[in-house]
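The structure appears below as structure tokens.
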Amino acid sequence: MTPERLATEFVRLAPETVGKLLTMPSLWTIIKSHVMVSGKRLLLFCGFLLTTTLALGQARYTLSGSVKDAQSGEVLIGATIRVQQQPTIGTISNEYGFYSLTLPEGTYTLQVSLVSFQPVTKTVSLTSGTHLDFSLTESATQLQEVSVRSQASNENIINPTMGVERLNMSSIKQIPVLLGERDPLKVLQLLPGIKSAGEGNSGFHVRGGNSDQNLILLDEAPVYNASHLLGFFSTFNADAIKDLSIYKGGMPAQYGGRLSSVLDVKMNDGNNQTFHAGGGIGLISSRLYAEGPLKKDKSSFLITGRRTYADAFLKLSNDPDINRNTLYFYDLNAKLNYTLSTKDRLFASGYFGRDRFGLGDLFNIDWGNATGTLRWNHLFNEKLFSNTSLIYSQYDYQVGIQNGSNDFSLTSSIRDYNLKQEFSYFPNPAHALRFGANVIHHTLTPRNRTATSESSSVNNSQEKSRYSVESAVFISDKWQLSPTFSVEYGLRLTSFAVLGGSDYYTLDANKNIVDTLSYATGQIVTHYVNPEPRLSAAYVLNDNTSIKASYTRNVQNLHLISNSGTSTPNDRWLQSSNIIRPEVADQVALGFFRNFSDNRFEFSAEAYYKALQNQIDYKNGADFQFTDALETQLLFGKGRAYGLELLLRKKTGALTGWIGYTLSRTEKQIEGINNGRWYAARQDRTHDVSVVGVYQLSKRWTLSATFVYNTGNAVSFPTGKYRIDNAVVFNYTERNGYRMPAYHRLDLGATVQFARKKNFESDLAFGLYNAYGRANPYAINFEQDDDDPSKTEIQRITLFKMVPSITYNFRF
Amino acid sequence: MLRYSILLGLLTSLTSCVDVIQLDLNRSNPAVVIEGRITDRDSMNEVRITQSVDFDYANEFPPITNAQVVVRDLTTGLADTLTQSFPGVYPITKLTGVPGHRYQLTVIIGEKSYSALATMPSRVELDQVSYTTDNRLNGTSIRTVATYWDPATPGNYYRFVNYQNGLASRTFFVRSDAFTNGNRVVQTIRDENITIQAGDTMIVDMQCIEKAVFEYFNGLAQLQGDNINQGVSPTNPPGNISGGALGYFSAHTVSRRTVVIP
């Protein structure tokens, strides 16, 4: 079969078969009765399993501690701890670097490994509960790693979690990016199943999901708009970030609230050994950071900042129409952490970012996120780890318009107070439990309009903030049933209570408001409860081959209403209400994983099918500009997304990188759009290819290249034209019935490391974005020809062709 | 959105480029397009019936010359059976619009029949037309400015049409009183399709239109914006004509003022 034929067959058969399976009542009943009957029974079930396994052994002791970076004292996430005497037993350090292993009395050799660190081996004689910390040293260059013969891990084979990708910042810093701005979100987009929201855009779609269906967490705080400057930059400053994980499916039960993915970003804690500072000077922005111990080994701080100066170029112009404009963003990350005792650690972290844009004195918009997280890690005993977090998150925008007598401002915000308690419990090497609860209070302030001058003809709007409480309890267990079979299963039970204090509406069939309902503050308007079962399993065929399967349900109660495909700062967040129902996604995935050549090559193939309920799109001719009650502009229906993702990756050696391919389809079916037929979602792309290569040429020079190819997005183009008054109007007969031209691009990068002087290190990074100058359309416009009104023309707008960049980075 | 494209333009003016391309667009069956308007003035009351054409054809829209067109004042019961004056143009001669009256348009073409209903809103006077200068990235533009008092009751909708030295602009510009109910409004009319110069005589028509007609023209205005395929999926605005024709039927008042740009 030719690949084309395979593709067509897959695309034809997949939705029918998997769709049927998913909607089959019998299967659903089986899952229900076995997994999610109730949280209580699940607990009993877990308890039973634990007691049975516990009763079996001889004297057992727990070995626990943390894994750290030897140079900086930063805790290391995701390090693998293996017991040489019992090759099937192992664990992974959690997001605070903590690990716990319970073993029978005896002498063991433990090996701890993590990509781009040299593995460490320690022998321990276990005769009582033992505390053992590991310090890992970063491998200086990847060349050395080859010479010591890499100890690559087969963690990807044996871990039951699937659909997950972890990136640590050091592994991605060589990859070339637009304008030299190292942006972790743009690197993520090079992985299969994760697609860019547009040229140079940091927004992304995961397995066909909308961009608001990604839960983006920065030190546990949700970031509601993760982009700066129209999406060309993300809010994540590479200097501040330690590690990021993205779950495309099979999310563990501690995560919830969005349908498509979880992007969990962890900030650096700050070096608790020595003081360091550094930064970078680039074409469009500069960065600075400082970190160091407050008290050596005990506490540390980190502060990073970044600001763009594109507007400085505007100021150079003599033309007042240009130099009166404002355009910049900045962001700040800060973190403090204290080790109070061997059992207690306290973290405080915060992010603050702001974009400002002003068009003379006519128009201005500024927007930004602020997040704060206060966390307390406590070790009750060597098996029970607790994390308590108090989280604040806010996103807001303000638009100012000065136009004749229409002077007014529009402001909108979303604000969360969030309390989370989570326990990790390691009863024995076969089980790792997580359980906890989470309560979030949301305040959504709709677009408030305020007149900004005495003579303004604009009336202030009277819309009140909407309130809700989103709570969840969750439990999950990672269970090694046998040396070859492991499962991670769990349940998340979420409740969303819409609170009164503002107006709600009743709509007729034509979406006109027929009744306004007022509820007193604190009164419950509606209440949605949803169980979200999570299950993933891995069966290891041999040391380097496994198959995995997962089922995940996710529920989403906050919805971003966007009248465009790419996110803009003034998109509006709405919560579930009497009209908007919670969005629900059920995903099943199957995977095949195989490593070659001593785990130096990793191959994976994952197929997924996702069924979505209560999806939102806007009605034909919708108006977002003048409408306060947005519900009147929306339509609801269902969606489906399915695909196959292939990834071949080389993690070690002089040449590293990967090749990814995704074959997928994403569709919606909504009454009132395309006569109720299934139609391609805007982000639907059939083929998606990415190739990433980083080559260590010498000790000083590193070369890199990335290539991407994808089918164009689904778009609506006119099929004809007609005249209204004396204007030519285009006839759009179908939503998303056409395709943008295929997109492809090659980026090149080179980094030269300068000789180290005392403690001063520096490098110079060169980049060339879109190296062969492919004219990828950013937009296609249909216009009446200005010179010859008897004609119409199609204009292609191309943003970036061969954009060079140079960035100087330093650290001391 | 338009403001957004300006920001985008600013950001990427150094690297972006625009060129004209060819796309292979689908063929479509010609659709019937009906534009009907009855006003409270003596002129401009007519029904025009044309057909749509494929995108790559010239902007010549075949008139439909064999239609039977009737406009009826449902409030008084008077009917006007229209006679074609030019190909595809059917003037309304026996009726003049009266605020508050309800009108029915019926068009029969061969086997197919189309109909629409419209009620003429109360008249609001355009008190004054002046001009202002707008400074933007692409230079300074002269804009016309309309001043009027919006009535105290909510639900007023306006359409503004610029005439430059007698020629109507093709820009669709509509406003509602959603933000400005009951106030004196000074409205700058952003019109990107004409370049107003010193010495020009500018006429502005302010039409008081119905909600359905406002939604129709607001939809057309969005289609005229730039960068539509960057984000929002463009859709045909919902018209008020039943039977499957494109277009609209509007009963509106017209208030006209003139300004000469010095």
Side-chain angles (χ1 to χ4, degrees), chain A residues 229-230 310 321-322 325 327 357 359-360 363 403-406 408 449 457-459 563-566 568 620-621 623 626 682 715-733 735-736 778-781 784 789-801 803, chain B residues 3-4 6-8 10-12 15-21 23 25-26 28 31 33 35 50 52-55 58-59 61 132 135-137 139 145 168 170 172 176 178-181 183-188 215 218-220 223 226-238 246-247:
Chain A
L229 216 66
L230 286 176
D321 288 342
I322 292 176
N325 299 297
L327 174 69
F357 167 59
L359 199 56
F363 171 75
N403 177 9
S405 68
N406 298 332
F408 64 101
R449 192 173 55 244
S457 51
V458 171
N459 301 320
N563 63 341
S564 65
T566 49
T568 54
N620 285 353
D623 170 50
F626 299 108
R682 185 185 176 274
V715 284
S716 305
F717 286 157
T719 46
K721 56 188 176 183
Y722 56 100
R723 188 184 59 204
I724 291 293
D725 288 6
N726 53 351
V728 173
V729 173
F730 302 116
N731 188 11
Y732 292 90
T733 49
R735 200 175 295 193
N736 296 349
Y778 180 73
I780 288 182
N781 291 340
Q784 197 166 343
S790 75
K791 285 186 181 155
T792 39
E793 61 181 25
I794 306 175
Q795 295 178 346
R796 172 179 63 191
I797 296 168
T798 309
L799 286 192
F800 304 112
K801 274 189 196 174
V803 185
Chain B
R3 295 203 157 89
Y4 245 79
I6 296 166
L7 163 54
L8 195 69
L10 172 67
L11 189 68
T12 58
T15 57
S16 67
C17 70
V18 178
D19 50 2
V20 173
I21 57 164
L23 283 175
L25 297 171
N26 294 343
S28 58
V33 182
E35 301 164 77
T50 53
S52 69
V53 298
D54 284 343
F55 186 87
N59 293 334
F61 303 96
T132 184
N135 300 308
R136 283 175 197 269
L137 283 174
V145 178
R170 59 184 157 97
F172 298 115
S176 86
F179 292 0
T180 53
N181 184 47
N183 297 335
R184 183 174 175 77
V185 180
V186 183
Q187 179 65 55
T188 303
E215 284 172 353
N218 193 32
L220 293 185
L223 292 184
D226 284 338
N227 290 327
I228 44 180
N229 268 307
Q230 170 210 339
V232 62
S233 292
T235 57
N236 280 347
L246 298 167

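Remember, it's a predicted structure, so these values are computed and weren't measured experimentally. To find a chain, count down the sequence lines: A is the first, B the second, and so on, and within it residues start at 1.
Heavy-atom pairs under 4.5 Å with chain A peak, among B:V53, B:V33, B:N218, at B:V53. Contact count versus chain A (heavy atoms, under 4.5 Å) is highest, among B:T235, B:T180, B:N59, for B:N59. Chain A forms the most heavy-atom pairs under 4.5 Å with one residue out of B:A31, B:G219, B:S28, B:P237, and that residue is B:S28. Ranked by heavy-atom pairs under 4.5 Å with chain B, the list A:N726, A:D725, A:V728 is led by A:D725. Taking A:K791, A:E793, A:Q784 one by one and counting their heavy-atom pairs under 4.5 Å with chain B, the maximum is reached by A:Q784.
For A:R796, the parts lying under 4.5 angstrom from a heavy atom of chain B are both the backbone and the side chain. B:T50 touches chain A through its side chain: at least one heavy atom from C-beta onward sits under 4.5 Å away, while N, CA, C and O do not. With a 4.5 angstrom heavy-atom cutoff, B:N26 touches chain A via backbone and side-chain atoms both. Proximity to chain B involves both the backbone and the side chain of A:R723, based on heavy atoms less than 4.5 angstrom apart.
A:T733 and A:T719 form a side-chain donor-acceptor contact under 3.5 Å, judged by distance and modelled atom types alone.
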*Can you list the steps and then say if A:N459 with B:N181 is a side chain to side chain donor-acceptor pair (under 3.5 Å)?*
CA-CA 7 Å; A:N459 301 320; B:N181 184 47; over 6 Å; no
*Worked check of ring-ring contact (aromatic ring centres under 6.0 Å, His included) between A:F408 and B:F179*: CA-CA 10 Å; A:F408 64 101; B:F179 292 0; 5.8 Å; yes
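The two residues B:F172 and A:I724 come nearest to each other via the heavy atoms CZ-O, 3.8 Å. Minimum heavy-atom separation, A:F717 to B:L23: CE1-CD1, 3.7 Å.
Between A:N731 and A:P718, the closest side-chain pair of non-hydrogen atoms is not below 4.5 Å.
Annotation: cation-pi pair A:K721/B:F55 present, NZ/CZ under 6.0 Å from the ring centroid and within 45° of its normal.
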